[in-house]
Amino acid sequence: MADVKKIATRQGYGEALKELGAVHDNIVVFDADLAGSTQTGMFGKVFPDRHFNCGIAEGNMMAVAAGAASMGMVAFASSFAMFAAGRAYEQVRNSIGYTRLNVKIGASHGGISVGEDGASHQCLEDFALMRSIPGMVVMSPADAVEAKAMVRAAYEHEGPVYMRFGRSPVPVFHDEDSFTFTIGRGEVMRDGTDVAIIANGLLVAEAVEAGKLLEERGISARIINMATIKPLDEEIVLKAAEECGKIVTCEEHSVIGGLGEAVCSLLSEKRPTPVRRIGTNDVFGHSGPAAALLEEFGLCAGNIAGVAEEFAKD
Amino acid sequence: MTANEKKALQINACRVRMGVIESTHAAKAGHPGGSLSSAEVFTYLYFKELNVDPKDPQKWDRDRFVLSKGHCAPGLYAALALREFFPWEDLKTLRHIGSYLQGHPDMKRIPGVDMSTGSLGQGVSAACGMALAAKKQGNPCRVYTLLGDGEIQEGQVWEAMMFAHHYKLDNLCVVIDNNGLQIDGPVDQVMSPYPIADKLKAFGLECVEIDGHDFDALEAAFAQARAVKGTPFAIVMKTTKGKGVGYMENQVGWHGKAPNDEQAEAALKELGAELARLEAM
């Protein structure tokens, strides 16, 4: 994909906010001293009277957003995934989840691809935390086009939403003009019958690459982009289980509590199927360039193909 | 206020206290101490200060009240019932399975409740968000929030104060019930929040300290709150925890414990006598 345009999904978030802000005057955006990084600054530049910096106080920001939402606003609240889902977990749970208020959490810098900042900032637990809150929609887009469509869908959705965006530029493979996004619906990127690889975030592009590598090795892999982790697209997973018989999940997240576990929970109850989960294996990350870290932790096409090949031939 | 107005408020505060005893007794659980110390402010808010309508509890320009110290729900519920947001008899279903009167305020189920609270320190932030949104929307409503003096040990409260001053939320009124006791003991022994008013002033709020059981003082303080422009207003109320029930007054053990049958009977007898005295005035 060397010739493909690369854009970070967080940039899609910022652009979508800016576009939505021009159409809907009930949007307010909160940030916690990271507006330049989360890209909400793009909205703030155009709509300074609807963009509120809360300073480095994420817990307050989440409950402030809830209060604004209770007045009929659609409140977007942003920080790094570590602080939005981690530090402010209980504010999100009680002031946003329990109240079912219209707050959309835009969490950037999720996953190990945060890179040089190291483990303290590499959130690998946000899917698990946010999935555990009743009614919370949890999503992570594969590219900037999907990110923009996701933000628009989140605005239309009534109730709390958590969206995780990435720091690093990733290949844009969706066509902006024709792409449509529906919350809770997976997307088959490539058909196959020997094994199904279900991925989200930047691992979708890697999984598609892995699919090509597997084809060269005589293995037919179905590649699914599962941008919505909750509610999970059960139909697409059960169909893949039925038609491929083996499932590999890939996420830039701990294997505990994320996409892999969501898929396993579904399959163990409705159609027991062998699964291999690719993610971080109950360990913290560390500093380094994003690409090197992804390689080291096996979050890359080569490892996905290797795991899927061995699994398919098993 | 006139003598008759004050008398009516005192009578209502006494009834709120009776509701606190009746509901926590029926629930065999709940928080009577801080509900009783706030009985006057609950009464003043719902019978004098707030622009609310029990027949239209969701009207867009209603004043908002957020009980940041959500565990004092029995006091709030008694005031709401007395103001006829829901039937008084329902107070006896507090904390029961199937009741809408949850242990802590639930905006999704209880008429008149504007924010679900209970986890300390969050209600005041939500109130800030409401006040900010109201300004952006041109909604003339005011936002009121009540905190405990133990609650202000939460760091988030001070994040909220910073926010409220920074965004000049002069439609926000923060009330702190300084009854001096929290679950584990006197607040200054557990983790001193003092000096409270000085801290609030340092954060840029305008602030008065009053006797929270004195309706004249409450009236003056809330009038001042409405007059202040450019920054939020805070009222620090010195109160007595368990006020109005002799054996509960200033007793830390009555923070989160319900009266048994005999205790409830004694409390209602004492409050009944006070009610009769007020009505005879």
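Here is the naming used below: chain letters follow the sequence lines, and residue numbers restart at 1 for every chain. None of the values given here were measured: they were computed from a predicted structure.
The environment of CZ in A:Arg185 is sparse: at most 12 heavy-atom neighbours from other residues, nucleotides or ligands sit within 6.0 Å. In the displayed structure, A:Asp282 atom CG is contacted under 6.0 Å by at most 12 heavy atoms of other residues, nucleotides or ligands. Remark: B:Arg62 CZ is packed, more than 12 non-hydrogen atoms of other residues, nucleotides or ligands lying under 6.0 Å away. Heavy-atom neighbours of B:Lys257 NZ from other residues, nucleotides or ligands within 6.0 Å: above the threshold of 12. For A:Lys45, the NZ atom sits in a loose shell: 12 or fewer heavy atoms of surrounding residues, nucleotides or ligands are nearer than 6.0 Å. Around OH of B:Tyr194, the count of heavy atoms belonging to other residues, nucleotides or ligands within 6.0 Å exceeds 12. Enclosure of atom CG in A:Asp25 is not indicated, since only 12 or fewer non-hydrogen atoms of other residues, nucleotides or ligands lie within 6.0 angstrom. Sparse packing is recorded around CZ of A:Arg93, with 12 or fewer heavy atoms of other residues, nucleotides or ligands lying under 6.0 Å away.
Between chain A and the residues B:Met107, B:Gln137, B:His166, B:Met115, the most heavy-atom pairs under 4.5 angstrom are made by B:Gln137. Annotation: maximal heavy-atom pairing with chain A below 4.5 Å, among B:Gly118, B:Ala133, B:Gly129, occurs at B:Gly129.
With a threshold of 4.5 angstrom between heavy atoms, A:Phe52 approaches chain B through its backbone and through its side chain. Of the two parts of B:Ala160, the backbone and the side chain both hold a non-hydrogen atom closer than 4.5 Å to a non-hydrogen atom of chain A. Contacts between A:Asn26 and chain B at a heavy-atom distance below 4.5 Å are absent for every atom of the residue. Contacts of A:Asn53 with chain B are made by both backbone and side-chain atoms, with heavy-atom separations under 4.5 Å. With a threshold of 4.5 angstrom between heavy atoms, B:Ala134 approaches chain A through its backbone and through its side chain.
The two atoms that bring B:Ser125 and A:Ala63 nearest to each other are CB-CB, 3.3 Å, heavy atoms only.
At a threshold of 4.5 Å between non-hydrogen side-chain atoms, the residues B:Gln156 and A:Gln91 count as touching. No side-chain heavy atom of B:Trp158 sits less than 4.5 Å from a side-chain heavy atom of A:Asn60. Residues B:Tyr167 and A:Val64 fail the side-chain proximity criterion, which asks for heavy atoms closer than 4.5 Å. Contact check for A:Met73 versus B:Lys136: side-chain heavy atoms found under the 4.5 Å cut-off.
Partner A:Met71 forms a side-chain contact (heavy atoms from CB on, under 4.5 Å) with one of B:Leu132, B:Asn139, B:Val143, B:Asp114 and no other, that one being B:Asn139.
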(request) Check the pair A:Glu90, B:Gln122 against side-chain contact (heavy atoms from CB on, under 4.5 Å), reporting the backbone distance first and the verdict last. (result) CA-CA 10 Å; A:Glu90 201 256 352; B:Gln122 295 186 33; 2.5 Å; yes
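Note that the CG atom of A:Leu101 and the OG atom of B:Ser116 stand 7.5 Å from one another [nearest 0.5 Å].
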